[in-house]
Q: 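Before I ask anything, let me first share the structure, which is written out below as structure tokens.
In what follows, every chain begins at residue 1, and chains take the letters A, B, ... in the order their sequences are listed.
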There are 2 protein chains.
Amino acid sequence: MSVKYSLFLAFVITFSANAQSTQQRVREYRQTQETALMDEYREFLSIPNVSSDSVDIRKNAAFILQMMKKRGISGTLLNGPTPGTTPAVFGEVRVPGAKKTLVFYAHYDGQPVNPKQWAEGLQPFVPVFITAPAEQGGKIVTTYKSGDPIDPAWRLSGRGSADDKAGVMTILNAYDALVKSKIALTSNLKFFFEGEEEVGSTHLGEIFDKHRDKLASDLWIIADGPRHISGKRVVQFGVRGDVNVNLTVYGPKRPLHSGNYGNWAPNPAMRLVKLLASMKDDNDQVIIKGFYDDVVPLTASEKQALAKVPNMEAALKKELGIAQPDGNGMPFVELLMRPTLNINGIQSANVGAMAGNIIPTKAEAVLDLRLVRGNDATRQIGRVTDHIRAQGYHVLDHEPTDAERQQYPKLIKISTGHGYNAQRTPMDLPIAQEVIAAVQTTSPDPIVLSPSSGGSLPLYLFDKVLSANVVSVPVVNYDNNQHAENENVKVQYLWDGIEIMAAIMLIK
Amino acid sequence: MSVKYSLFLAFVITFSANAQSTQQRVREYRQTQETALMDEYREFLSIPNVSSDSVDIRKNAAFILQMMKKRGISGTLLNGPTPGTTPAVFGEVRVPGAKKTLVFYAHYDGQPVNPKQWAEGLQPFVPVFITAPAEQGGKIVTTYKSGDPIDPAWRLSGRGSADDKAGVMTILNAYDALVKSKIALTSNLKFFFEGEEEVGSTHLGEIFDKHRDKLASDLWIIADGPRHISGKRVVQFGVRGDVNVNLTVYGPKRPLHSGNYGNWAPNPAMRLVKLLASMKDDNDQVIIKGFYDDVVPLTASEKQALAKVPNMEAALKKELGIAQPDGNGMPFVELLMRPTLNINGIQSANVGAMAGNIIPTKAEAVLDLRLVRGNDATRQIGRVTDHIRAQGYHVLDHEPTDAERQQYPKLIKISTGHGYNAQRTPMDLPIAQEVIAAVQTTSPDPIVLSPSSGGSLPLYLFDKVLSANVVSVPVVNYDNNQHAENENVKVQYLWDGIEIMAAIMLIK
């Protein structure tokens with residue numbers, strides 16, 4: 001055991017003595033308030049929050065302002081200079097004599113929904129309790145009514161229930177629990193809830209830039225993403241970057257009978273599958289030229305941290321029904337430190353009962369490129385585009401004109417989302433160590449330290465615009481179906497989350 | 001000029017003298033009846049006719065019986081021995097002294113519809129007139145009301161408008177025109193309208209078998225498919241066979257966040273694109289082992305006929321926006337004489353605004369295999385399945401169980417539609433020559449003789465079960481979007497179709 005680590009442990013043990021009773025008081029307060037907390041959260045989840053829905057998204061912001069007001073936090077909306085953009089919701093609590101300022105971040109917008117894909121009885125914006133995930137045969141608790149006891153093993157279903165209204169919920173209730181339990185605050189606290197995270201935080205940089213003074217801090221704590229698959233609590237020191245690439249390959253101008261034109265008219269679905277297939281080899285490695293060239297190798301402390309992360313692969317394989325994962329034998333935790341090329345979705349014409357015997361007019365796919373330290377979103381998209389050109393495609397940024405159709409045998413439209421690069425905070429930063437210690441007080445289990453989440457947040461902006469330190473402290477269960485149908489949060493994780501956020505708020 | 005061809009021409013010229021006036025009388029009758037014919041046809045098209053919709057499909061059969069009754073044809077429904085199957089509609093007109101019996105075939109069921117894919121204002125079962133195809137900027141003739149003059153350049157939009165209620169419409173109105181114009185019939189006429197063609201004529205064989213005597217004939221005339229791309233009239237002597245193959249490749253049991261699992265969890269969309277890409281080479285040739293082995297080469301007369309088919313490739317490329325067709329330079333007409341492997345549709349998760357950053361649970365595709373003389377549907381499916389196995393897949397006929405998911409790295413479900421083999425009638429059969437002559441009387445343009453349609457009908461059953469001769473005489477415009485959104489028929493083609501069918505009915 002290193003001297004440094006011994007000192008750290010001593011610090012944790014001292015810290016823990018006080019923390020234990022704090023955690024107990026926060027818990028007791030929550031236990032008396034479960035119905036009220038959950039009624040409010042269900043109301044929050046009932047407000048549709050798809051990022052692109054600019055009307056409803058503002059209702060969410062208004063709801064959060066109301067939540068703050070109820071808790072005695074003076075809140076305000078922060079707009080960027082671009083007119084009409086989705087505001088962030090900001091609140092601040094100044095504590096006399098405090099030496100540090102902590103900003104708690106979550107986002108209130110959610111991913112798009114396709115209600116048809118949700119399990120029977122589940123709707124994205126009608127939150128209900130379910131006994132287990134829909135995929136595992138969970139049943140809706142149809143008898144539940146406000147005031148009934150809430151089983152902490154239940155899950156609350158709905159878009160945003162986990163990603164990431166749970167962050168808003170646990171942060172504001174942690175603050176409330178501390179105040180109502182008369183536990184003295186020790187740091188200035190700020191709250192920042194974003195409304196554009198799921199569309200790439202398009203205007204976050206300009207909001208930061210405009211409100212730079214208001215957002216000054218010692219540390220940002222990001223409440224987003226899932227706890228470790230083992231259920232252990234996690235502190236993360238970075239995120240992968242992310243950018244989407246939309247591809248549309250064109251066939252004949254109108255759908256053609258597959259008999260009357262089959263073998264002659266180019267099929268855009270066949271062209272797209274050949275193009276996508278050309279991007280990876282049979283060992284799941286991306287074979288686009290230069291795809292891995294920029295990756296900065298892991299540091300020694302990052303490697304150490306990864307080595308300590310519990311290995312959950314066997315359990316995951318069983319749970320997810322996977323006999324053989326991708327990655328050619330590389331460990332799960334290391335695979336998350338590499339860039340990805342994922343097919344989010346592909347579509348051409350119809351399948352199943354709606355399929356017709358036709359040659360479709362177009363075939364579309366959405367790629368998701370996760371980026372790691374060293375990658376640059378624009379550069380990575382450039383490599384994908386170069387690869388597509390090397391396969392003989394003429395690249396467009398618009399629907400092809402008749403002239404372009406006559407000139408180029410292979411046409412593709414490429415458009416990209418608002419992407420961003422990866423971010424990492426050094427793990428040995430003192431304030432980061434204090435967060436680790438605080439989170440560790442809430443559980444006897446050793447917490448997991450992760451150099452980077454597999455997921456993404458635009459954390460590079462915090463560094464670039466605000467020169468801020470950032471750590472992520474996820475609160476929700478890993479099996480929450482975030483970004484997909486049947487999203488859900490396990491009730492116990494919300495309760496735990498309140499305790500975790502409260503512990504961090506007491507950093508001195 | 002061969003002696004044989006000279007004799008044939010002499011025959012056509014003699015036949016034409018009478019035919020001209022017959023055609024004129026049929027046309028004049030139609031001209032007085034356009035409103036009534038079109039009102040009835042629009043009502044017919046308003047009845048949904050997706051093959052799988054067993055309730056509505058019977059309303060179509062009832063409507064046809066009514067159409068027959070109005071025209072003095074005693075109609076009846078022919079059921080097969082299997083209970084609950086869709087009936088064929090049969091009618092018969094016996095002509096004293098007739099030496100020949102002709103059966104006129106069309107089908108009244110249609111392909112599935114996805115109303116969302118139809119152009120604005122167009123609905124599959126709300127027939128309206130449009131000034132041009134939707135894809136070419138055609139406008140709905142919103143001012144039209146029953147009784148208004150009908151521009152023959154307009155199109156009538158709706159599922160089944162071309163494929164193949166147009167067959168029913170032209171056949172029954174051709175008969176009516178002859179009778180009302182007091183033109184003496186010369187052959188016994190039978191009418192047979194099928195209701196399961198678009199799902200592979202599952203029970204046609206057993207209906208034939210059960211009603212063998214009733215269906216005795218010298219020739220079946222199939223009114224289905226489009227006239228030649230040039231607009232010329234066509235007689236076809238065969239069809240390709242057809243069978244669908246549905247593929248589902250499996251990924252994780254629940255949709256996963258593409259960041260938290262990306263690089264590790266297998267993506268079924270990537271697997272499916274690699275699998276489909278492995279089926280064709282870069283010259284669009286199918287590289288599944290043995291795929292072309294069974295093909296019976298064209299006969300000399302078939303090759304001659306193909307050589308005379310007008311070459312429309314330049315016009316088609318322009319119209320369809322294709323710079324470079326598939327087929328590695330082989331002529332269009334020859335490509336239609338080869339087996340195909342077409343992707344009808346592919347889907348995994350979502351694209352566009354509904355796409356999320358996920359690893360999907362499954363990816364699906366529907367293949368369409370067109371078959372030519374020599375191919376066998378079962379054998380061809382076997383080759384595709386063998387190829388899939390050779391790519392490392394374990395093939396299932398059901399959703400994978402947990403045990404199968406644990407055992408096999410690559411899982412695929414394969415299901416097949418009710419397919420059938422190709423059929424060809426010898427082009428030099430005397431009665432086939434009489435049909436050619438009859439159709440030729442309706443137009444000064446030389447008609448196109450095609451050894452085989454690119455499209456498919458279960459014509460092998462006519463040969464196998466009834467030992468019948470079959471030729472196809474298509475009536476609709478080629479650019480009718482059959483099987484797809486915005487299906488339409490050009491009004492002039494319906495009028496022509498009545499004249500063509502009437503001419504064939506007068507074969508002695």
Q: With a 4.5 Å cut-off on heavy-atom pairs, point out which of A:Ala355, A:Pro331, A:Gly327, A:Pro133 contacts chain B the most.
A: A:Ala355

Q: Tell me, for A:Pro268 versus chain B, whether the close heavy atoms (under 4.5 Å) come from the side chain, the backbone, both or neither.
A: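 Answer is neither: A:Pro268 stays 4.5 Å or more from chain B.
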
Q: Checking heavy atoms, do the side chain of A:Ala265, its backbone, both or neither come under 4.5 Å from chain B?
A: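 For A:Ala265, heavy atoms of backbone and side chain both lie under 4.5 Å from chain B.
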
Q: Looking at every heavy atom in both A:Ala353 and B:Pro112, which two are closest together, and how far apart are they?
A: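 Minimum heavy-atom separation between A:Ala353 and B:Pro112: O-CG, 3.1 Å.
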
Q: For A:Tyr250, which atoms come within 4.5 Å of any heavy atom of chain B: side chain, backbone, both, or neither?
A: neither

Q: For the residue pair B:Glu334 and A:Asn263, confirm or rule out a side-chain donor-acceptor distance under 3.5 Å.
A: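 Their side chains do not contain a donor-acceptor pair, so the 3.5 Å distance test is not met.
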
Q: Is any side-chain heavy atom of A:Thr340 closer than 4.5 Å to a side-chain heavy atom of B:Tyr261?
A: no

Q: Using a cut-off of under 4.5 Å for heavy-atom pairs, which of A:Leu272, A:Leu320, A:Val239, A:Asn328 has the most such pairs with chain B?
A: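 Sorted descending by pairs with chain B, the first entry is A:Leu320.
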
Q: List the atom of A:Val366, the atom of B:Gly352, and the distance in Å for their closest heavy-atom pair.
A: CG2-N, 3.8 Å

Q: Donor-acceptor pair, distance only, cut-off 3.5 Å: does the side chain of A:Asn344 make one with the backbone of B:Gly356?
A: yes

Q: Taking the side chain as every heavy atom from C-beta outward, state whether B:Asp284 and A:Trp264 have any atom pair closer than 4.5 Å.
A: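 No. Closest side-chain heavy atoms not under 4.5 Å.
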
Q: Checking side-chain contact (heavy atoms from CB on, under 4.5 Å) against B:Gln482, which of A:Ile358, A:Asn260, A:Leu256 comes through?
A: A:Asn260

Q: Please state whether the side chain, the backbone, both or neither of A:Gln111 comes within less than 4.5 Å of a heavy atom of chain B.
A: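 Contact with chain B involves the side chain of A:Gln111 alone.
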
Q: Examine whether an atom of A:Leu411 lies under 4.5 Å from a heavy atom of chain B, and if so say whether it belongs to the side chain, the backbone or both; otherwise answer neither.
A: neither

Q: Can you name the nearest heavy-atom pair linking A:Ala349 to B:Gly345, along with the distance?
A: CB-CA, 4.2 Å

Q: Which bit of A:Arg370 is near chain B, if near means a heavy-atom gap under 4.5 Å: side chain, backbone, both or neither?
A: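 Interface part for A:Arg370: side chain.
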
Q: Would you call the rings of B:His257 and A:His483 parallel, tilted or perpendicular, where under 30° means parallel and over 60° means perpendicular?
A: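 Correct class here is tilted.
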
Q: Using only atom types and a distance under 3.5 Å, with no angle test, would you say the side chain of A:Asn267 pairs donor to acceptor with the backbone of B:Ile343?
A: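 Such a contact is found between A:Asn267 side chain and B:Ile343 backbone.
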
Q: For the residue pair A:Ser258 / B:Asp368, report whether a side-chain donor-acceptor contact shorter than 3.5 Å exists.
A: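 Distance-only check passes for B:Asp368 and A:Ser258.
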
Q: Look at the side chain of A:Gln324 and the backbone N and O of B:Gln406, then say whether any donor-acceptor pair between them is shorter than 3.5 Å.
A: no

Q: Select one option (side chain, backbone, both, neither) describing which atoms of A:Gln136 are under 4.5 Å from chain B's heavy atoms.
A: neither

Q: Which answer fits A:Phe332, side chain, backbone, both or neither, if we ask what part of it has an atom under 4.5 Å from a heavy atom of chain B?
A: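 Both parts, backbone and side chain.
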
Q: Without hydrogens or angle criteria, can the side chains of A:Asp242 and B:Asn357 be said to hold a donor-acceptor pair below 3.5 Å?
A: yes

Q: What residue, out of A:Pro339, A:Pro252, A:Gly262, has the most heavy-atom pairs lying under 4.5 Å from chain B?
A: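 If we count pairs closer than 4.5 Å to chain B, A:Gly262 comes out on top.
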
Q: Could you point out which residue of A:Glu485, A:Glu319, A:Glu135 forms a side-chain hydrogen bond (donor to acceptor under 3.5 Å, both in side chains) with B:Arg254?
A: A:Glu319

Q: Looking at chain A, which one of B:Ala134, B:Pro255, B:Ser453 has the largest number of heavy-atom pairs inside 4.5 Å, strictly under?
A: B:Pro255

Q: With a 4.5 angstrom heavy-atom cut-off, is it the side chain or the backbone of A:Val113 that approaches chain B, or both, or neither?
A: backbone

Q: If you count heavy-atom pairs within less than 4.5 Å of chain B, which of A:Ser348, A:Ser456, A:Ala484, A:Pro409 leads?
A: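 That would be A:Ser348.
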
Q: Just wondering, do B:Arg271 and A:Asp326 contact through their side chains at under 4.5 Å, heavy atoms?
A: yes

Q: Any side-chain heavy atom of A:Lys274 within less than 4.5 Å of one from B:Leu276?
A: no

Q: Quick check on the interface: out of B:Asn350, B:Ile322, B:Val199, who has the most heavy-atom pairs with chain A under 4.5 Å?
A: B:Asn350

Q: Using a cut-off of under 4.5 Å on heavy-atom pairs, state which of A:Asn486, A:Asp402, A:Ile359 scores highest against chain B.
A: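 The residue among A:Asn486, A:Asp402, A:Ile359 with the greatest pair count is A:Ile359.
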
Q: If we only count heavy atoms from C-beta on, is the A:Val351 to B:Asn246 side-chain gap below 4.5 Å?
A: no

Q: If you define the side chain from C-beta out and look only at heavy atoms, does anything of B:Met270 sit under 4.5 Å from A:Asn342?
A: no

Q: Counting heavy-atom pairs closer than 4.5 Å to chain B, which one of A:Ser278, A:Gly454, A:Gly259 comes out on top?
A: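 Winner by heavy-atom pair count: A:Gly259.
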
